[in-house]
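Everything on this sheet refers to the single structure shown next.
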Amino acid sequence: MSNKTAVIIGASGGIGGAMADVLEQEDQYSRIIRLSRGAKSPIKLELSSEDSITLAAKWLQDQGIKPNLVFVATGLLHNGQQGPEKSMSDLNADWMQENYRVNAVGPALIAKHFLPLMPKNEVTIFAAMSARVGSISDNRLGGWYGYRAAKAALNMIIRNLSIEWARKNKRSIIVALHPGTVDTGLSKPFQSNVPPGKLFDSERAALQLLDVLDGLKPVDTGKIFAWDGEEIKP
């Protein structure tokens, strides 16, 4: 077994929890650290609070942990009161800002504080959950303004990070991932339109994403990949 460490952000969620479980069954990483705002997290990490992210990063540093993999498994598509917009008449400034805060700003701040903890002389992976609907070139249906725009912003952030961080570690890999439609609370209201065989349980989704990560090389940094390894154009 290696002495590598994987850190899962959002490990109390469906995909994040499954990814941590799968990694614990593999021998690629000897230590799996699950961070979330849940009670089981060794230190509470609230995506909406940079102070919380800073403290979580400091906790890792104080433990002498240099993560080889950081996987950001967070995301927002709907809540109890609000869902994705069907048309421009549904646009709401507060809801759009919330989408950006969770889907783009949060992962960017994770990168700000966690990338500096990662080794700079070996292959490292920083991956954040994005979505195919964040691809501008792939958008043929419209709607879902806030979610699409926030995920498109995340994809740009990933690209920016990959360029800057390659100057510090040429072997780093920074990517966005599209997991497909996964049977979690995030997708629950929209599963009726999913084609047969394309609704994945959390474990299968995690295995598929891990396969993608295992196949990446530094030349892939800054890109967006789907669950089947297909590169998604911005």
Side-chain angles (χ1 to χ4, degrees), residues 6-11 13 15-16 19 35-37 45-54 56-57 60 67-77 84 93-118 120 123-139 144-180 186 209 212-213 216-227 230-234:
V7 175
I8 311 300
I9 311 293
I15 296 178
M19 178 62 79
L35 297 180
S36 71
R37 60 185 177 185
L45 192 156
E46 176 59 62
L47 199 69
S48 62
S49 166
E50 185 170 5
D51 287 344
S52 172
I53 295 170
T54 302
L60 288 174
N68 306 89
L69 167 67
V70 174
F71 183 83
V72 185
T74 56
L76 171 71
L77 178 58
D94 290 340
W95 180 239
M96 290 194 76
Q97 289 170 6
E98 182 71 0
N99 267 276
Y100 273 88
R101 182 179 66 82
V102 175
N103 293 318
V105 177
L109 293 176
I110 292 290
K112 173 185 175 181
H113 293 283
F114 279 64
L115 275 174
L117 302 179
M118 304 180 80
K120 297 181 177 63
V123 174
T124 59
I125 301 176
F126 181 97
M129 297 290 292
S130 187
R132 186 181 294 275
V133 297
S135 166
I136 295 173
S137 61
D138 192 64
N139 183 2
W144 290 28
Y145 283 83
Y147 187 73
R148 284 185 185 274
K151 290 299 188 180
L154 172 61
N155 295 341
M156 179 60 80
I157 289 166
I158 289 293
R159 179 62 177 165
N160 269 5
L161 291 169
S162 72
I163 293 170
E164 177 177 353
W165 204 247
R167 301 179 187 128
K168 300 179 186 295
N169 181 4
K170 294 186 182 300
R171 302 176 71 191
S172 63
I173 302 169
I174 300 176
V175 294
L177 297 175
H178 166 59
L186 184 142
L209 292 176
V212 173
L213 292 177
L216 296 180
K217 296 177 173 57
V219 70
D220 297 314
T221 193
K223 298 178 181 178
I224 313 156
F225 291 95
W227 59 271
E230 174 196 4
E231 182 183 349
I232 299 174
K233 299 302 181 183

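Atom CZ of Arg132 is surrounded by more than 12 heavy atoms from other residues, nucleotides or ligands within 6.0 Å. Within a 6.0 Å radius of CE in Met156, other residues, nucleotides and ligands contribute 12 heavy atoms or fewer. For NZ of Lys120, the number of neighbouring non-hydrogen atoms (other residues, nucleotides, ligands) closer than 6.0 Å is greater than 12.
Within the 4.5 Å cutoff, the side chain of Leu209 has no heavy atoms near those of the Phe225 side chain. Side-chain contact check for Leu177 versus Leu213: some heavy-atom pair is nearer than 4.5 Å.
Contact between Leu161 and Ala111 at its shortest, heavy atoms only, is CD1-CB, 3.5 Å. The minimum heavy-atom distance between Gly222 and Ser162, with the atom names listed, is CA-OG, 3.2 Å. For the residue pair Ala11 and Ser36, the shortest heavy atom distance occurs at N-CB, 3.9 Å. Of all non-hydrogen atoms in Gly10 and Thr74, the two that sit nearest each other are CA-CG2, 3.9 Å. Of all non-hydrogen atoms in Lys217 and Ile173, the two that sit nearest each other are C-CD1, 3.5 Å. The nearest pair of heavy atoms linking Asn155 to Ser130 is OD1-OG, 2.7 Å.
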Where do Ile9 and Leu45 land on the side-chain contact (heavy atoms from CB on, under 4.5 Å) test, with the steps shown first? CA-CA 8 Å; Ile9 311 293; Leu45 192 156; 4.0 Å; yes

If you apply the rule side-chain contact (heavy atoms from CB on, under 4.5 Å), what do you find for Val212 with Val175, and how did you get there? CA-CA 11 Å; Val212 173; Val175 294; over 6 Å; no

Should Asn68 and Ile125 be marked as a side-chain contact (heavy atoms from CB on, under 4.5 Å) after you check the CA-CA gap, both sets of side-chain angles, and the distance that decides it? CA-CA 6 Å; Asn68 306 89; Ile125 301 176; over 6 Å; no

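Judged as a side-chain contact (heavy atoms from CB on, under 4.5 Å), and not counting sequence neighbours, the contacts of Ala57 are His113, Phe114, Leu117. With sequence neighbours excluded, the residues that form a side-chain contact (heavy atoms from CB on, under 4.5 Å) with Lys233 are Ser137, Glu231. For Ala131, the side-chain contact (heavy atoms from CB on, under 4.5 Å) partners two or more places apart in sequence, or in a different chain, are Val133, Tyr147, Lys151, His178. For Asp94, the side-chain contact (heavy atoms from CB on, under 4.5 Å) partners two or more places apart in sequence, or in a different chain, are Asn92, Gln97. Residues meeting the side-chain hydrogen bond (donor to acceptor under 3.5 Å, both in side chains) test with Asn160, sequence neighbours left out: none.
Taken from CD1 in Ile174 to CD in Glu164, the straight-line distance is 8.5 Å, to the nearest 0.5 Å.
Side-chain atoms of Ser49 never come within 3.5 Å of backbone atoms of Glu46 as a donor-acceptor pair (strictly under, hydrogens ignored). With Thr221 contributing its side chain and Pro218 its backbone, the two residues share no donor-acceptor pair below 3.5 Å. Side chain of Asn139 to backbone of Ile136: no donor-acceptor contact under 3.5 angstrom is found.
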Name every donor-acceptor pair, under 3.5 Å, that has one atom in a side chain of residues 100-110 and the other anywhere in the protein, sequence neighbours excluded.
from	atom 1	to	atom 2	distance (Å)
Arg101	NE	Glu98	OE1	2.9
Arg101	NH1	Ser48	OG	3.2
Arg101	NH2	Glu98	OE1	2.9
Arg101	NH2	Glu98	OE2	2.3
Asn103	OD1	Leu76	N	2.8
Asn103	ND2	Leu76	O	2.9
Asn103	ND2	Asn99	O	3.3
Asn103	ND2	Asn99	OD1	3.3

